[in-house]
Participant: 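After the C-alpha cells below, expect a handful of questions from me.
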Amino acid sequence: MNGRTYTADAEPGDTVTIAGWLHETRDLGGIAFLILRDTSGKIQVKLEKDEMDDALVETGLDASRESVLKVEGDVKEEPRAPTGVEVVPTSIEVIAEAETQLPLDPSGKVDAELPTRLNNRTLDLRREEAKAVFEIRAEVLRAVREAFRSFAATEINTPKIVATGTEGGTELFPISYFGEEAFMNQSPQLFKQLMVGSGLERVFEIGPIFRAEEHNTPRHLNEATSIDFESAFFDHTEAMDVCEAVVKAAYEAVAENCERELEALGLDEEFAVPDGEFPRLTYEEAIQRINATGALDEQLVWGDDLPTEGEHALGQDVGEHYFITDWPSEIKPFYIKDHDDDETLSTGFDMMHPRMELVSGGQREHRYEELIAGFEQQGLDPEAFDYYTKMFKYGMPPHAGWGLGAERLIMTMLDLDNIREAVLFPRDRQRLSP
Ligand code: AMO
C-alpha cells in the first residue's frame with residue numbers, strides 16, 4: 001500500500017495512513033478508542049463523537065473486531081495512550097470485514113487449545129506470542145546461515161524425492177513417481193556426503209526431512225526441518241566444534257536481535273546464551289551417570305540405546321548442552337566410521353539439550369570396501385546405493401558432519417512444551433491439513 005506507515009513508526013506531528021487489524025474497540029461514551037494492530041505493534045485511534053464527522057465515527061464503531069481497517073489521520077502525543085501517541089482520524093475505511101464469531105481470540109484474552117490454534121494458524125499468528133516464535137525461528141535460520149558462511153561452507157539443496165532411504169527402512173513415506181515407487185527423503189545424508197568429494201568440499205543444507213515414524217510425541221514430527229553440515233578433511237571432533245559454534249551463534253543472534261519477541265514470550269529475563277564449552281561425555285560415562293541417578297528400573301549396559309527417561313535424567317544431571325561421543329558401533333548407522341584403534345567404538349556423536357537430543361553426527365566411512373561391508377551389516381543392498389558408493393572409488397576424502405533438528409533447537413531455546421508450536425503447519429499422525 002503506497003504511503004502506508006507502520007504503527008510503530010508513527011511520530012507526533014506526522015500525518016499518516018496506517019492499516020491493520022481492529023484489535024479492540026473501547027467505547028467510553030462521548031469518546032471511543034479503536035486499537036489498531038499491525039506487524040510492528042498497536043496504536044490507539046481516537047474517536048470524538050461530538051466533534052468528528054458522524055459517518056467516520058460510525059464506520060469505526062461498527063467495524064467488527066479483527067476487520068482490516070485503513071485509517072488516515074494526524075499523530076498526536078498522548079501520555080495516556082498505551083504507546084504514548086494516538087491517531088486523530090480524518091478517514092476510516094473497512095478494507096476487509098471479519099465475521100463476528102471467530103474460532104479463536106487473537107487478542108489472547110481467551111486461551112485456545114493447540115489443535116484449535118493449528119487449525120486456524122492465520123488467526124493464531126496474530127497473537128504476539130505465537131508470532132514471536134516464528135520471528136525468532138527466522139532469526140535463528142539467518143544466524144545459522146551466516147555462521148556456516150563464516151566457516152566457508154556452501155549452501156546446497158538436494159532432492160527430497162529419492163529412490164532409497166538412509167535412516168532405516170521402516171520410516172520411509174512411499175510415493176508414486178511416474179508409476180515407480182519412490183520415497184520422500186529422510187535426510188540429505190548421502191547427498192551432502194557426495195559433495196565433500198566434489199569441488200565444494202564443505203556444505204550445509206537447511207531443508208525438510210520426512211520420517212514416517214509412528215511416534216506421536218511432543219518432540220516428533222513427520223516433516224521436520226534439518227540443518228545439515230558436512231565437511232571434507234574433518235574428523236568428528238572438528239564437526240562437533242562447528243556444531244557448538246553454530247548453536248551458540250543462533251542463541252547469540254536471538255539474544256541480540258529478538259528482544260521484543262523474547263519479551264512477548266516472557267523470556268526476556270531468563271534467556272541465556274550457552275557459555276563455556278559443551279561438556280563431551282563418552283557413551284560409557286553417560287550410561288554410568290544415568291545408572292547413578294537411579295532414574296531407571298533397570299541398569300543400562302553397554303550396547304543399550306538410551307531410553308527417553310535416561311536422557312531426561314542425564315540432562316538434568318548435566319544441566320546444559322552436552323555431547324555424547326564414542327557410541328557402540330552397532331547402534332550407529334552404516335555411514336558412521338569406527339575408531340581406527342577400536343572397531344567396536346564409533347566416531348558417532350549426539351548433541352543434547354537437557355530436555356532432548358538435538359543433533360546426530362560423526363566422522364563418515366570414506367573407504368570403499370568398509371562402506372560396502374557396513375551396508376551389508378545393516379541389511380541394506382549396496383547395489384541400490386550405487387550412485388553413492390561408486391563415488392567412493394574416485395577419491396573421497398575423510399569427512400565428518402551432522403544434522404540438527406531446527407524445530408527441536410527452537411523448541412528447547414524457547415522452552416516450548418510441544419514441537420508443533422515451532423512449525424507453521426505441522427505434519428503428524430493426525431494432521432495433514434492445513
Ligand atoms: P537423525 O535421524 O538423528 O540423524 O536426525 C538428526 C536430528 O534431526 C532431528 N529430527 C527430528 N525432529 C523432529 N521430528 C523428527 N521425527 C525428527 N527426526 C530427526 C533431531 C535429530 O537429532 N543423517 C543423520 C545426521 C548426520 O549424521 O549428519 C540424521 O538424520 O533433532
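Indexing begins at 1, ligand by ligand and atom by atom, following the structure's order. Residue numbers start at 1 and run along the sequence shown.
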Participant: If you measure from the Lys or Arg side-chain nitrogens to the Asp or Glu carboxylate oxygens, is any gap between Glu205 and Lys192 under 4.0 Å?
Facilitator: no

Participant: Could you check ligand 1 for N or O atoms lying under 3.5 Å from protein N or O atoms and list the pairs with distances?
Facilitator:
residue, atom, partner, partner atom, Å
ligand 1, 2 (O), Arg211, NH1, 2.7
ligand 1, 2 (O), Arg211, NH2, 3.1
ligand 1, 3 (O), Glu357, OE2, 3.4
ligand 1, 3 (O), Ser360, OG, 2.7
ligand 1, 14 (N), Leu221, N, 2.9
ligand 1, 16 (N), Glu213, OE2, 2.8
ligand 1, 16 (N), Leu221, O, 2.8
ligand 1, 18 (N), Arg211, NH1, 3.4
ligand 1, 22 (O), Glu357, OE2, 2.5
ligand 1, 22 (O), Leu358, O, 3.2
ligand 1, 22 (O), Val359, N, 3.4
ligand 1, 23 (N), Glu167, OE2, 3.0
ligand 1, 23 (N), Ser187, OG, 3.1
ligand 1, 23 (N), Gln189, OE1, 2.6
ligand 1, 23 (N), Tyr335, OH, 3.2
ligand 1, 27 (O), Gln189, OE1, 3.4
ligand 1, 27 (O), Arg364, NH1, 3.0
ligand 1, 27 (O), Arg364, NH2, 3.3
ligand 1, 28 (O), Gln189, OE1, 3.2
ligand 1, 28 (O), Lys192, NZ, 2.6
ligand 1, 28 (O), Arg364, NH2, 2.7
ligand 1, 28 (O), Gly403, N, 3.3
ligand 1, 30 (O), Arg211, NH2, 2.9
ligand 1, 31 (O), Leu358, O, 2.8
ligand 1, 31 (O), Gly405, N, 3.2

Participant: Quick one: list whatever passes salt bridge (Lys or Arg N to Asp or Glu O under 4.0 Å) with Glu244, sequence neighbours left out.
Facilitator: Lys248, Arg280

Participant: Within the side chain of Ser346, is there an N or O that forms a donor-acceptor pair under 3.5 Å with the backbone of Lys332?
Facilitator: no

Participant: Partners of Asp342 by side chain to side chain donor-acceptor pair (under 3.5 Å), sequence neighbours excluded?
Facilitator: Thr344

Participant: With sequence neighbours left out, what residues match Glu407 under salt bridge (Lys or Arg N to Asp or Glu O under 4.0 Å)?
Facilitator: Arg137

Participant: Please report the interatomic distance CE(Met195) to CG(Asp228), rounded to the nearest 0.5 Å.
Facilitator: 13.5 Å

